[in-house]
Amino acid sequence: MRRTKRGVSPVIVVPALVGLAFLVLPLVALVVRAPWGSIVQIVMKHEVLTSLLLSLGTASLATAICLVLGVPLAVLLARSAHWHVVPRRLLRALITVPLVLPPVVGGVALLLLLGRRGIIGQWLYAWFQITIPFTPAAVILAQVFVAMPFLVLAVEGALRTSDRRFELAAATLGASRWHVFRRVTLPLVGPGVSAGALLCFTRSLGEFGATITFAGSFPGTTQTLPVTTYLELQRDPDAAIALSLLLLAVAVVVLVGLRDRWLPGVTGS
Amino acid sequence: MTTGELDVDFRLVRPGFDLTVGFAVGPGRVLALLGPNGAGKSTTLSCIVGATEFVGHVRVGERQLDGLSIDERRVGMVFQEYLLFPHLTVEQNIAFGPRARGGRKSEARVTVAALLERFGVSDLRHRRPAQISGGQAQRVALARALAVDPDVLLLDEPLAALDAEVREEVRADLALHLRAFAGPTVLVTHSIADVRALASDVIVLEHGSVSYRGTVAGLVNADATPYLRQLARGESL
């Protein structure tokens with residue numbers, strides 16, 4: 001096979017280019033077919049603005065919850081290196097499950113746990129008259145379920161590659177464990193935490209399957225932007241395209257924000 | 001600080017590694033811990049600081065250190081790569097200990113200002129560790145360790161990370177600062193020049209046990225092992 005001095009074989013280049021085209025062309029189609037003339041009008045429609053605000057609000061809250069719960073989980077996972085192999089792998093597998101699980105399955109599972117007749121949900125209803133499914137809270141829980149692994153794995157990667165001797169140095173200076181964690185460990189993995197939070201936010205913003213299953217699609221309360229986009233596709237395709245562009249724009253902004261910090265530690269950057 | 005003798009006597013057994021060390025260092029004395037790679041020098045420091053468990057005891061005067069957590073031991077340490085916190089300025093690095101111990105901000109500021117002045121790094125106070133030289137980082141690391149007024153000072157190869165051109169100057173500087181420290185100091189090094197310039201007593205560790213114990217001057221006559229004979233000839237290893 002002929003190869004130029006620094007070139008790559010056509011056997012690699014051709015499928016690589018087809019692969020790249022497959023990733024890019026759908027987005028090109030979206031941009032080409034966008035109703036550019038009426039896009040502002042569509043986005044400014046009341047129900048669209050409502051679902052946009054709902055999406056931004058729920059995704060922000062979901063990210064906050066993921067940070068509060070996910071960072072400690074990442075610490076636990078990173079420090080599990082000296083555990084026995086079985087619990088260590090089990091912990092990692094459990095955290096990774098929502099990443100590979102179809103979101104709709106996540107939605108069904110959440111219903112079975114927190115629905116009015118769910119394992120925990122029945123008691124929540126019996127004791128406190130609390131119903132979670134089909135409320136904004138359900139939207140947030142669905143987002144947390146699918147997005148938390150992104151944060152955990154990003155932070156864990158950063159923790160594993162950070163130099164633990166800084167923590168020892170801090171301890172010799174009289175810092176308690178909590179002080180070391182707050183003032184040394186967390187700042188050192190700061191880029192990993194922000195990358196994880198950004199990924200978590202984007203994943204929450206785009207959440208569809210678990211949301212529509214567990215939270216439904218009530219305008220104003222549970223109809224997030226992806227759900228509105230799906231529904232508009234049947235009613236008004238132009239609106240669906242405009243909303244898709246909006247979600248694409250958010251994704252691009254996040255990508256620019258992440259730059260080369262995409263999952264530090266996992267990619268070795 | 002409680003000035004007192006540092007009294008170390010312990011044994012540590014790991015697969016393929018058996019370390020038995022015993023020594024005492026008086027207040028104001030500097031003990032050099034010499035030995036080939038893997039002899040257990042850094043592990044000894046790690047035991048004193050509280051990062052490695054062992055069987056035996058570590059005391060400073062009447063105070064028992066074993067059983068205490070690292071942050072309760074009052075053992076200051078200068079690490080080989082200095083380990084200055086990269087996200088903090090020089091000033092914040094030195095203030096880290098006093099602030100972590102819950103000291104008042106105003107008191108910490110006075111302590112830090114005095115140390116910045118004493119170590120000649122006042123001009124660098126707002127710089128980050130990445131923006132200062134190796135010699136400067138070494139001084140900041142020592143200032144940071146002394147800021148909490150430790151009972152004992154441990155130095156792990158404090159000059160090894162420096163270029164040969166600046167090492168002489170930094171070594172002379174370090175000697176002055178060590179003379180001013182009232183507590184016991186343990187210095188781990190490979191360099192016979194470090195020992196001569198900085199230490200008053202020497203322990204040589206080989207294969208997990210002490211092969212020489214005495215004064216720096218006495219090293220010249222030590223000949224029990226090939227390593228000691230090399231040291232006696234004044235060769236750095």
Side-chain angles (χ1 to χ4, degrees), chain A residues 67 71-72 74-76 78-85 151 154-198 257-261 263-265 268-269, chain B residues 1 42 45-52 65 68-89 92-103 108 111-112 115 128-129 137 140-156 186:
Chain A
L67 278 169
V71 171
V75 174
L76 193 68
R79 304 291 185 252
S80 68
H82 58 272
W83 290 10
H84 189 271
V85 64
L151 181 103
V155 176
E156 188 245 355
L159 279 168
R160 267 194 304 137
T161 51
S162 80
D163 191 341
R164 293 208 67 192
R165 291 175 311 159
F166 285 113
E167 296 174 359
L168 172 63
T172 65
L173 296 168
S176 65
R177 277 190 186 187
W178 174 236
H179 194 90
V180 173
F181 181 70
R182 260 186 334 136
R183 298 288 178 204
V184 177
T185 314
L186 265 189
L188 287 180
V189 296
V193 175
S194 33
L198 221 45
L258 280 172
R259 273 171 300 212
D260 53 347
R261 291 198 311 214
L263 290 183
S269 61
Chain B
M1 70 179 265
S42 293
L45 292 194
S46 180
C47 288
I48 299 172
V49 93
T52 302
L65 298 194
L68 296 180
S69 61
I70 299 171
D71 56 302
E72 296 167 328
R73 291 196 175 205
R74 305 182 60 86
V75 173
M77 180 142 177
V78 174
F79 296 84
Q80 189 173 344
E81 294 94 357
Y82 310 132
L83 300 182
L84 296 178
F85 306 123
H87 58 292
L88 301 180
T89 63
Q92 289 166 334
N93 261 281
I94 300 175
F96 186 93
R99 299 287 295 135
R101 294 195 168 192
T111 310
V112 172
L115 283 165
R128 304 261 164 160
V140 175
L142 186 58
R144 181 178 73 171
L146 292 175
V148 289
D149 197 15
D151 294 345
V152 180
L153 189 60
L154 308 180
L155 309 169
D156 190 2
V186 180

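Residue numbers start from 1 in every chain, and the chains themselves are labelled A, B, ... in the order their sequence lines are given, proteins ahead of strands.
Only the backbone of V75(B) comes within less than 4.5 Å of a heavy atom in chain A; its side chain stays farther off. Both the backbone and the side chain of R183(A) come within less than 4.5 Å of a heavy atom in chain B. Residue L154(B) does not touch chain A at all, counting heavy-atom pairs closer than 4.5 Å.
In this structure, L188(A) and P86(B) approach most closely via the heavy-atom pair CD2-CG, 3.5 Å.
No other option in E72(B), R73(B), M77(B), R101(B) has as many heavy-atom pairs under 4.5 Å with chain A as R101(B).
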Donor-acceptor pairs under 3.5 angstrom involving side-chain atoms of residues 165-173 of chain A: please list them, not counting sequence neighbours.
{"residue": "R165(A)", "atom": "NE", "partner": "D163(A)", "partner atom": "OD1", "Å": "3.2"}
{"residue": "R165(A)", "atom": "NE", "partner": "D163(A)", "partner atom": "OD2", "Å": "3.4"}
{"residue": "R165(A)", "atom": "NH1", "partner": "E81(B)", "partner atom": "OE1", "Å": "2.8"}
{"residue": "R165(A)", "atom": "NH2", "partner": "D163(A)", "partner atom": "OD2", "Å": "2.9"}
{"residue": "E167(A)", "atom": "OE1", "partner": "R164(A)", "partner atom": "NE", "Å": "3.1"}
{"residue": "E167(A)", "atom": "OE1", "partner": "R164(A)", "partner atom": "NH2", "Å": "3.0"}
{"residue": "E167(A)", "atom": "OE2", "partner": "R79(A)", "partner atom": "NH2", "Å": "3.1"}
{"residue": "E167(A)", "atom": "OE2", "partner": "T185(A)", "partner atom": "OG1", "Å": "2.9"}
{"residue": "T172(A)", "atom": "OG1", "partner": "A169(A)", "partner atom": "O", "Å": "2.7"}

